[in-house]
Amino acid sequence: MTTWTSWFIYSIARHVSITHWRGCGETPRVRESIVDILRGAVRDAALRTGHVQEGSLPPVVIEEPRAAGHGDFSTNIAMLVASQSGLKAREVAEAIASRLDRTSAKLDRVEVEGPGFVNMFISKAHLQENARQILQDGDAYGTLNFGKGSLVQVEFVSANPTGPLNVVSARAAAVGDSLIRLLKACGFEARSEFLTNDHGTQVELLGRSLQARVEELRSGRPAEIPEEGYRGEYLVDLAREISSETALQMLAEAGKAGGSKFAKFAVERMIEGQRKDLTDFGVSFDNWFRESSLHSSGYVEETLATLRDSGFLYEKDGAEWFKSSELGDEQDRVVRKSPAGQEGAAGEPTYFLSDVAYHRNKFERGFERVIDIWGPDHHGHVPRMQAAARALGYPPDWLEILIVQWVRLMRGKEPVSMSKRAGEFVTLSELIKEVGVDCARFFFLMRKVNSHLDFDLELAKRQSDENPVYYVQYGHARVSSVIEFAREGGVEMCGLEEADLSLLSQPEELSLLRHLICYPEQVRAACLGREPQKITSYLTGLATAFHQFYHNHRVVGAEPNLMQSRLLLVRAVKTVIKNGLDLLGVSAPDKM
RNA sequence: GCGCCCGUAGCUCAGUUGGAUAGAGCGGCGGACUCCGGAUCCGCAGGCCGAAGGUUCAAAUCCUUUCGGGCGCACCA
């Protein structure tokens with residue numbers, strides 16, 4: 001079984017289970033994260049001090065201090081309240097600390113230190129019990145429900161159907177897909193969409209380029225590819241696939257303006273190819289939206305009329321302009337070009353207008369929020385699109401646009417040249433072939449979306465300790481192996497309720513338990529910040545904690561009760577690694 | 001010229017809506033259990049967080065200026 005098929009099957013299983021528990025309604029398998037609990041407790045305590053009112057309470061921030069002596073969690077709320085009210089921070093901190101309900105907040109002790117930090121030490125018993133909870137929750141551990149079923153769309157990749165997908169699209173695919181998974185894990189109804197631009201001059205050029213290749217094959221003379229056309233080898237391959245009979249027919253129909261038959265044919269094949277590459281990458285879309293449908297349905301014209309009604313359009317030099325400069329853009333934008341030909345004819349709509357129409361369409365489909373993931377070459381378009389959303393009267397935060405930065409492919413120290421025009425670029429499918437799906441996805445998700453990424457193919461290919469991808473997967477495989485070893489040794493695993501988790505008190509065990517309990521909060525943060533890299537870095541940390549534990553302590557071979565507790569602990573680790581990797585679309589293998 | 005993004009260890013990058021002593025991986029050097037997977041673990045070296053001011057109890061993080069890099073600035077898509 002290939003890696004991606006196993007991922008696919010796992011993904012289906014997970015989806016079914018989520019649907020199942022959502023359907024159960026009352027079953028409270030979605031829990032508050034420990035940080036939610038602490039936030040609530042600190043908030044209550046702060047209000048009870050009487051130093052601050054409900055309305056003026058600053059947001060409660062719970063953080064994990066770096067230094068060990070500063071507790072498992074800490075809050076700076078006292079200093080914020082103090083600076084607001086003129087009180088002394090230490091005194092406010094003392095007042096909050098003394099009013100903290102330790103039982104409900106699952107705390108062993110609370111200390112005030114430094115300028116007014118309230119440091120909280122989580123109850124060991126609660127840490128231990130959480131491991132049991134993880135196994136009870138299984139796939140659902142780390143799922144939250146603050147999305148409350150809100151309908152959200154993420155549109156990503158949306159490459160022109162003029163060639164195979166490149167590595168920037170690959171990164172966008174990894175990010176968008178992971179975002180969808182994160183949103184779903186947080187209780188949103190998330191839908192993925194690919195806008196395919198099967199309309200306009202790019203497509204015409206594609207058709208003419210293909211036609212040139214077909215002619216080249218028939219005549220043997222070098223192809224006369226249009227100036228701005230597509231020169232990639234893939235069109236030669238495509239030309240070869242067209243039987244000579246079909247080719248003759250298509251050439252005959254093409255005429256001198258030509259190309260549209262070829263264009264239609266090429267576009268369909270390109271879309272098909274892109275879809276296949278994405279599927280191989282483990283990314284499938286809920287909807288492939290065709291730009292041409294906006295034109296054929298009259299949606300673009302309707303949008304123009306709507307904009308006119310909004311009062312944000314005016315005519316100048318025969319063209320129709322949108323007053324985006326009044327809504328945050330640096331200048332106004334043309335939505336309808338001045339007529340190219342005869343007097344009185346209506347001008348063509350611009351690409352911008354059809355993009356506005358597309359977003360209007362999204363809004364009318366009922367999405368409560370829309371997230372667009374764009375390439376860096378489009379970042380200049382953000383203000384005009386936001387301006388359009390405002391002109392149409394959509395809520396200010398309805399449209400969110402993320403820019404995925406460039407990927408620089410490296411072979412060791414040498415950058416790989418990437419020229420799309422010349423057709424020299426590494427495609428998604430080549431990337432998958434070279435480094436594998438798991439590796440590619442993990443690498444793309446290791447960095448912040450908005451920062452440049454160096455992707456070292458040499459490093460990614462190496463199946464050794466130099467490769468960060470395997471570190472996390474190895475942790476998962478190792479746990480599987482321990483469990484298998486125990487089974488082979490005739491160990492009978494006790495029931496979840498029977499294990500005595502209070503035996504887990506070694507530093508490495510407690511460190512693992514702390515990592516495990518923070519997982520749900522990491523999911524929340526990654527989702528809210530649209531930062532999948534928080535999950536990769538969390539998993540790396542969890543794997544480190546596990547490897548350290550493993551190196552220092554025996555599971556199989558420990559005193560029987562302790563062994564049972566450690567088996568449970570280790571199974572909890574496995575569950576969380578698996579859940580986390582699933583959010584990235586990376587497989588969690590039992591053997592490597 | 002204008003706008004947006006980015007400057008953190010030799011390299012690639014984290015750094016929790018401003019928090020306590022700035023971290024990881026790779027690379028370099030030196031080590032590790034006769035035993036559950038050595039794709040692991042431990043230690044050492046390596047930093048004026050591009051620079052200069054400012055805001056405050058607290059700045060890698062916020063503001064201003066400046067230097068260096070990327071990307072945009074069409075009646076193209």
Side-chain angles (χ1 to χ4, degrees), chain A residues 35 59 61-67 69-70 74-76 79 82-83 88-89 113-117 119 160 162 197 199-203 205 228 291 316-321 330-331 333-340 347-348 350-352 354-355 375-383 403 405-406 408 410 413 446-448 450-456 459 462-471 473-475 477-486 488-489 521-522 525 528-529 533-534 536-537 540-541 543-544 546-548 550-558 563 566 570 591-592:
Chain A
V35 175
V61 176
I62 304 292
E63 53 189 51
E64 298 168 47
R66 275 193 272 270
H70 295 152
S74 162
T75 180
N76 64 348
M79 290 175 289
S83 71
K88 286 190 174 164
E113 277 181 63
F117 289 103
N119 295 337
N160 282 340
T162 53
N197 185 356
H199 179 271
T201 57
Q202 304 287 332
V203 170
L205 272 169
E228 300 289 307
E291 195 192 341
K316 193 181 86 181
D317 305 331
E320 202 156 1
W321 296 70
E330 53 188 25
Q331 57 185 265
R333 308 289 169 181
V334 170
V335 288
R336 191 178 48 77
K337 305 175 200 173
S338 61
E348 292 278 307
T350 60
Y351 169 79
F352 172 55
S354 76
D355 218 10
D377 50 337
H378 281 72
H379 85 249
H381 294 229
V382 174
I403 302 296
Q405 274 298 345
W406 294 119
R408 192 168 62 142
M410 311 284 286
K413 285 183 174 167
M446 275 194 312
R447 304 299 179 217
K448 273 185 301 197
N450 193 24
S451 63
H452 294 255
L453 170 65
D454 273 17
F455 193 122
D456 187 344
L459 176 62
R462 269 180 262 169
Q463 300 208 348
S464 72
D465 53 352
E466 295 158 71
N467 191 330
V469 183
Y470 299 108
Y471 189 77
Q473 289 187 319
Y474 184 64
R478 218 175 196 183
V479 175
S480 300
S481 166
V482 170
I483 292 167
E484 187 54 31
F485 184 83
E488 282 170 5
E521 184 60 23
Q522 293 295 323
L528 282 176
Q533 95 277 355
K534 283 195 191 298
T536 52
S537 93
T540 306
T544 299
F546 169 68
H547 289 309
Q548 285 168 341
Y550 181 86
H551 191 260
N552 287 297
H553 304 286
R554 300 278 310 175
V555 176
V556 179
M563 174 174 69
R566 286 182 174 165
V570 142
K591 290 193 167 110
M592 295 172 67

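Protein chains get the first letters and strands the later ones, always in sequence-line order, with residue 1 at the start of each.
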Study note, to complete from the structure: Here RNA chain B, pairs taken as Watson-Crick or G-U under 3.5 Å and shown with ( ), [ ] when crossing and | when to another strand, reads (((((.(..((((.....[...)))).(((((.......))))).....(((((..]....)))))).)))))....
Exercise for review: Classify the nucleic acid contact of A:K448 as base, sugar-phosphate or nothing, counting any heavy atom under 4.0 Å across all strands shown.
Suggested key: sugar-phosphate
Does [X] stack onto the base of [N], taking stacking as ring centres under 5.5 Å apart and planes under 30° apart?
X      : N     : value
A:F117 : B:G19 : no
A:Y550 : B:C36 : yes
A:H452 : B:G70 : no

Practice item. Tell me, please, which residues at least two apart from A:Y474 pass ring-ring contact (aromatic ring centres under 6.0 Å, His included). Key: A:H547
Practice item. Between B:U16 and B:C63, how far apart are the P atoms? Round to whole Å, please. Key: 15 Å
Point to revise | Exercise: do A:Q202 and A:N160 side chains pair donor with acceptor under 3.5 Å | key: no
Point to revise | Nearest-nucleotide 5' precedence on RNA chain B, A:W406 against A:H547 | key: A:H547
Review point. With respect to the phosphate group of B:C36, does any side-chain polar atom (N or O) of A:R566 fall under 4.0 Å of OP1 or OP2?
Key: no
Check your understanding: Does a nitrogen or oxygen in the side chain of A:Q533 sit under 4.0 Å from OP1 or OP2 of B:A14?
Key -> no
Exercise for review: Please list, chain by chain and in numerical order, all residues satisfying side chain to side chain contact (heavy atoms under 4.5 Å, CB included) with A:R566, sequence neighbours excluded.
Suggested key: A:L504, A:Q506, A:E509, A:F549, A:H553, A:V555, A:A558, A:L562
Revision key, fill the gap. Here the distance between atom P of B:C41 and atom CD of A:Q548, to the nearest Å, is 7 Å
